[in-house]
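Computation of the quantities below employed the complete heavy-atom set of this structure, encompassing side-chain atoms and omitting hydrogens, waters and symmetry-equivalent molecules.
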Amino acid sequence: MDANILLHPLADPVASQPILPPSTGRLVIDTQRPFDHYLLPDGVYCYWRKSFRQPERAYLGMSLIYSKGGEKLWKGYDIHDVAIRTGTKRHARSTCYDGKLIQQFDGFALMSRTPHNDQMNVTYFEYGLDAMPDYYSGISFVTRRRLSEANRLTAIVMQRLPDKCSAWLAAARTSGTLAMETLPTHIHAALDRVPDRL
């Protein structure tokens, strides 16, 4: 026995921390099921949907899907086709948003938001589009009040891009708001499955 036990007072015992149940948010969003990464490989993807602000037009965006700490995560940017001031051609801003992918029985759900506001986007993708396994089709909903000139719900189609810088640059250069008639036929048909003004 060390003599210090007689010369110095013992340290106070560390109080055990109570075990708290997970928050309701974690119970709803988290899942114990591991993600089957072969069904949705990490990489760069592009996606088409009808514009929420201009439902008569389409929007082409890009995202990065990656794995971290056992989770499947999403990161993307929305480009706003608005000039900073009259006479300029620069975009006013590009909104960054982050999200988490949750695997389901026949597809996967995505919950994402921007760091600057509480508006969220909830999306569901199923595997494949009309027997094309490289595509993922689904539906996307933005959480905001109804606006007569805008939309809150739209169909969405996503495609994994090849691991080539040239493919990423080609998609990036065409990103933004597009006329519906410029889309490939199968993308146009998929986006027309959900009516406007919902």
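- Connection of Y47 to L39 is established within a shared hydrophobic cluster, with ILVMFWY side chains joined at heavy-atom distances below 4.5 Å, either directly or through further cluster members.
- Taking every heavy atom of both residues into account, A167 and P162 meet most closely at CB-CD, 3.9 Å.
- Between the side chain of R160 and the backbone N or O of D42, at least one donor-acceptor pair lies under 3.5 Å.
- When side chains are defined from C-beta on, M120 counts as touching R113, because their heavy atoms get closer than 4.5 Å.
- Minimum heavy-atom separation, K72 to P41: NZ-C, 4.0 Å.
- One distance of note links CG of L129 with CD1 of I187; it measures 6.0 Å at 0.5 Å rounding.
- For the pairing with W74, the side chain to side chain contact (heavy atoms under 4.5 Å, CB included) check across T123, I65, D98 returns one residue only, I65.
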>> Go through it in stages, so that I can follow the logic: the residues are Y124 and Q104, the test is side-chain contact (heavy atoms from CB on, under 4.5 Å), and I'd like the CA-CA distance, side-chain angles, deciding distance and then a yes or no.
In response: CA-CA 9 Å; Y124 171 77; Q104 297 183 333; 3.1 Å; yes
> Please walk me through it: do Y45 and L161 pass side-chain contact (heavy atoms from CB on, under 4.5 Å)?
Replying inline: CA-CA 5 Å; Y45 290 74; L161 296 175; 5.8 Å; no
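- Here the CG atom belonging to L40 is positioned 6.5 Å from the OH atom belonging to Y127, to the nearest 0.5 angstrom.
- Separating the OH atom in Y97 from the OG atom in S63 is a distance of 6.0 Å, to the nearest 0.5 Å.
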>> side-chain contact (heavy atoms from CB on, under 4.5 Å), that's the test. Do S140 and N121 meet it? Break it down for me.
In response: CA-CA 7 Å; S140 186; N121 182 280; 3.2 Å; yes
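- Here the side chains of W48 and Q159 are in contact, with some heavy-atom distance below 4.5 Å.
- Between L101 and L73, the shortest heavy-atom contact is CD1-O, 4.2 Å.
- The backbone N or O of D36 sits less than 3.5 Å from a side-chain atom of Q103, completing a donor-acceptor pair.
- Residues A155 and A190 come closest through the heavy atom pair CB-O, 3.5 Å.
- Annotation: side chain of C46 is not in contact with side chain of M158 (no heavy-atom distance under 4.5 Å).
- Heavy-atom minimum distance, H37 versus S67: CE1-OG, 3.1 Å.
- Using a 4.5 Å cut-off on side-chain heavy atoms (C-beta onward), L178 and Y59 make no contact.
- Residues I139 and L153 are in side-chain contact: their nearest non-hydrogen atoms beyond the backbone lie under 4.5 Å apart.
- The distance from atom NZ of K75 to atom OH of Y66, rounded to the nearest 0.5 Å, is 6.0 Å.
- The ring pair (Phe, Tyr, Trp, His ring centres under 6.0 Å) analysis of residues 128-148, with sequence neighbours excluded, yields the pairs F108-Y136, Y135-H186.
- A heavy-atom distance below 4.5 Å is found between the side chains of M180 and K50.
- With S175 contributing its side chain and G61 its backbone, the two residues share no donor-acceptor pair below 3.5 Å.
- Between L183 and L191 there is a side-chain heavy-atom pair separated by less than 4.5 Å.
- Between E181 atom CD and R57 atom CZ the span is 8.0 Å, to the nearest 0.5 Å.
- Shortest non-hydrogen contact noted between W168 and D163 is CZ2-CA, 4.1 Å.
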